[in-house]
Amino acid sequence: MATHKLLLLPGDGIGSEVMAEVKKVIGWLDAQGLASFAIEEDLVGGAAYDSCGQPISEEAMAKAFAADAILLGAVGGPKWANVHYEVRPEAGLLRLRKDLQLFANLRPAMCYPALADASSLKRDLVEGLDVLIVRELTGGVYFGEPKTITDLSDGQKRAIDTQVYESYEIERIARVAFELARTRKNRVVSTEKHNVMKTGVLWKQVVSEVHGSDYNDVTLEHQLADSCGMQLVRAPKQFDVIVTDNLFGDILSDVAAMLTGSLGMLPSASLGAVEEISGKRRALYEPVHGAAPDIAGQGVANPIAMIGSLAMALRYSFGLIEAADRVEAAIAGVLADGYRTGDIWSEGMTRVGTAGMGDAVIAELAKAA
Ligand SMILES: NC(=O)c1ccc[n+]([C@@H]2O[C@H](COP(=O)([O-])OP(=O)(O)OC[C@H]3O[C@@H](n4cnc5c(N)ncnc54)[C@H](O)[C@@H]3O)[C@@H](O)[C@H]2O)c1
Ligand SMILES: CC(C)[C@H](C(=O)O)[C@@H](O)C(=O)O
Ligand SMILES: [Mg+2]
């Protein structure tokens, strides 16, 4: 069996707590002979800043380039509120995404039947929900230049962020969305704001062209991003795949999280292009949530988003479909058995902490083995 090089970057806040649970799952898969991993670990975010003055070291970047896949916990927190913008914890994550060219961010939001009552919406609106947000991750306002704050002569200040998209960036993310739609319900909603933004005009045009030339079999609808947000909480089951830019994708995925019960439920995969010679694609897997400073250190964070991110790595990077299916079935199993961390807990359910949820997943895996 091939050995997969996996780099673990726990990061800050609850990042290391949820990573500890994923390590249990990795250990279990290895022990069962279902997967074989060569594990490296390093610092990212505030933890790296505290250690070397940078939100990711050059050594960690080299490990990231050498890895078959990266698992990242979370970065950020109030401890670093006053560090210089260039070296803030989030800059480490953004550098990984940009330097590794991880342009395709897949954020599936699924509402497990056992959790339909934990959703922000009524059960019938969310039960069985399965939406995939395909977020462009290396362009847009996150990276566009100029990006400045300047002092003006009258004592005022001016801040500039720049939204830039080139057509190739829109085309490649549109292709990812259409390809994935073909494996699902064959429907794509593309969302932007062409009514106020030039990038929105280009986005809509390029997505339509890609659709017309190669994906006529997929149903395509365009929605303005504000309206898409509204539709997502009005009637979420109308969606199959949503393709959108970096900023709208960030916002819509947190909204979608609450339809599933909690931000602690949403995994993600950030993928690069398939390399021509090696056939490999760079990839980073991380929960959609952040470092959750309000609950960090208490052992109560939900590790399911992190464990689900490992399942996505097994599926997309390593082709270990059986192992991925087993991990996802174990997550569904513990929820059906009533195990709940605080964020998804309701009357009558078994309340567990982060480690308790990780142990329950292992027990469920073992039951099915
Ligand atoms: N990918 C990342 O590393 C990432 C993502 C989002 C935010 N952040 C950073 O994290 C810091 C805190 O940001 P924030 O508070 O706006 O967002 P957050 O996602 O950290 O937390 C938002 C809310 O969700 C809850 N939550 C999040 N994950 C949870 C989990 N696994 N289990 C239970 N509850 C959970 C938190 O307790 C909090 O109430 C900021 O510095 C931000 O930049 C990092
Ligand atoms: C931490 C931050 C840079 C990040 C983003 O804005 O992309 C986060 O919110 C996310 O959703 O992954
Ligand atoms: Mg976000």
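Note that the numbering runs from 1 along the sequence shown for the chain. Both ligands and their constituent atoms are indexed starting at 1 by order of listing.
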Taking [X] for its side chain and [Y] for its backbone only, find out whether a donor-acceptor pair lies under 3.5 Å.
{"X": "S262", "Y": "G264", "answer": "yes"}
{"X": "S119", "Y": "T260", "answer": "no"}
{"X": "R340", "Y": "L335", "answer": "yes"}

Point to revise | Reported OG-to-CD distance for the pair S16 and E21, which is rounded to 0.5 angstrom | key: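 With rounding to 0.5 Å, OG (S16) is 10.5 Å from CD (E21).
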Review point. Nearest 0.5 Å, what's the CG-CG distance between L137 and L102?
Key: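 Taking CG in L137 and CG in L102, the distance rounds to 7.0 Å.
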Exercise for review: Please state whether the separation between the Mg ion (ligand 3) and some N/O/S atom of D250 is under 2.8 Å?
Suggested key: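 Here the distance criterion (N, O or S atom, under 2.8 Å) is met by D250, so yes.
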[atom] - nearest protein heavy atom and its distance:
{"atom": "atom 34 (N) of ligand 1", "result": "I295 CD1, 3.5 Å"}
{"atom": "atom 27 (C) of ligand 1", "result": "H289 CB, 3.6 Å"}
{"atom": "atom 32 (N) of ligand 1", "result": "N302 N, 2.9 Å"}
{"atom": "atom 40 (C) of ligand 1", "result": "E90 OE2, 3.6 Å"}
{"atom": "atom 4 (C) of ligand 1", "result": "G290 CA, 3.4 Å"}

Practice item. In sequence, state the C-alpha distance, the side-chain angles, and the governing distance for H222 and S208, and then conclude on side-chain hydrogen bond (donor to acceptor under 3.5 Å, both in side chains). Key: CA-CA 9 Å; H222 300 279; S208 298; 3.0 Å; yes
Point to revise | Close approach of H289 to ligand 2, heavy atoms, under 4.0 angstrom | key: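 No, H289 has no heavy atoms under 4.0 Å from ligand 2.
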Does the side chain of [Y] come within less than 4.5 Å of [X]'s, by heavy atoms?
{"X": "I160", "Y": "K147", "answer": "no"}
{"X": "L34", "Y": "E322", "answer": "yes"}
{"X": "I170", "Y": "V207", "answer": "yes"}

Heavy-atom contact check, 4.0 Å cutoff: does [X] meet ligand 1?
{"X": "I304", "result": "no"}
{"X": "A301", "result": "yes"}
{"X": "S262", "result": "no"}

Please list, in number order, the atoms of ligand 1 under 4.0 Å from a heavy atom of [X].
{"X": "L263", "result": "19 (O), 22 (C), 24 (O)"}
{"X": "A74", "result": "3 (O)"}
{"X": "A292", "result": "20 (O), 27 (C), 36 (C), 37 (O)"}
{"X": "G264", "result": "30 (C), 31 (N)"}
{"X": "V288", "result": "5 (C)"}
{"X": "I14", "result": "28 (N), 29 (C), 30 (C), 31 (N)"}
{"X": "L93", "result": "1 (N), 2 (C), 3 (O)"}
{"X": "G76", "result": "41 (O)"}

Will you find, in the side chains of [X] and [Y], an N or O donor that is under 3.5 Å from an N or O acceptor?
{"X": "E136", "Y": "T138", "answer": "yes"}
{"X": "H84", "Y": "E86", "answer": "no"}
{"X": "Q231", "Y": "Q238", "answer": "yes"}

Exercise for review: Report the member of R88, R107, E286, R97 with the shortest heavy-atom distance to atom 7 (O) of ligand 2.
Suggested key: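 Minimum heavy-atom distance to atom 7 (O) of ligand 2 goes to R97.
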**Study point:** Heavy-atom nearest neighbour of atom 8 (C) of ligand 2 within options D250, L263, I251
**Key:**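 Comparing heavy atoms across D250, L263, I251, the nearest one to atom 8 (C) of ligand 2 lies in D250.
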Review point. By number and element, which atoms of ligand 2 are closer than 4.0 Å to a non-hydrogen atom of R135?
Key: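 Close to R135: 5 (C), 6 (O), 7 (O), 10 (C), 11 (O), 12 (O).
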[atom]: any protein heavy atom closer than 4.0 Å:
{"atom": "atom 1 (N) of ligand 1", "value": "yes"}
{"atom": "atom 16 (O) of ligand 1", "value": "no"}
{"atom": "atom 13 (O) of ligand 1", "value": "no"}

Please check whether [X] reaches ligand 1 - meaning an N/O of the residue sits under 3.5 Å from an N/O of the ligand, judged on distance alone.
{"X": "V300", "answer": "no"}
{"X": "V75", "answer": "yes"}
{"X": "D294", "answer": "yes"}

**Study point:** The single option from R97, R135, Q163 passing side chain to side chain donor-acceptor pair (under 3.5 Å) against N246
**Key:**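 The passing option is R135.
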Salt bridge [X]-[Y], side-chain N to carboxylate O under 4.0 Å:
{"X": "R175", "Y": "E171", "value": "yes"}
{"X": "D68", "Y": "K5", "value": "no"}
{"X": "D50", "Y": "K79", "value": "yes"}

Point to revise | Polar contact flag for Y142 and ligand 2 (N/O pairs, less than 3.5 Å) | key: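 Between Y142 and ligand 2, an N or O pair is found under 3.5 Å apart.
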Check your understanding: Looking only at N/O atoms, are E90 and ligand 2 under 3.5 Å apart anywhere?
Key ->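 No, no N or O pair falls under 3.5 Å.
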Point to revise | Under-4.0 Å heavy-atom contact with ligand 1, by part of E286 that carries it | key: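 For E286, only side-chain atoms sit under 4.0 Å from ligand 1.
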Exercise for review: Under 4.0 Å, heavy atoms only, figure out whether ligand 1 is touched by the backbone of P89, its side chain, both or neither.
Suggested key: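 Near ligand 1, P89 shows nothing, with every heavy atom at 4.0 Å or more.
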Exercise for review: Fit a plane to each ring of Y215 and F178, take the angle between them on a 0 to 90° scale, and name the class: parallel (under 30°), tilted (30 to 60°) or perpendicular (over 60°).
Suggested key: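 Plane angle under 30°, so parallel.
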Check your understanding: Looking at S268, S317, S270, which one forms a side chain to side chain contact (heavy atoms under 4.5 Å, CB included) with Y285?
Key ->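 When side chain to side chain contact (heavy atoms under 4.5 Å, CB included) is applied between Y285 and each of S268, S317, S270, only S317 qualifies.
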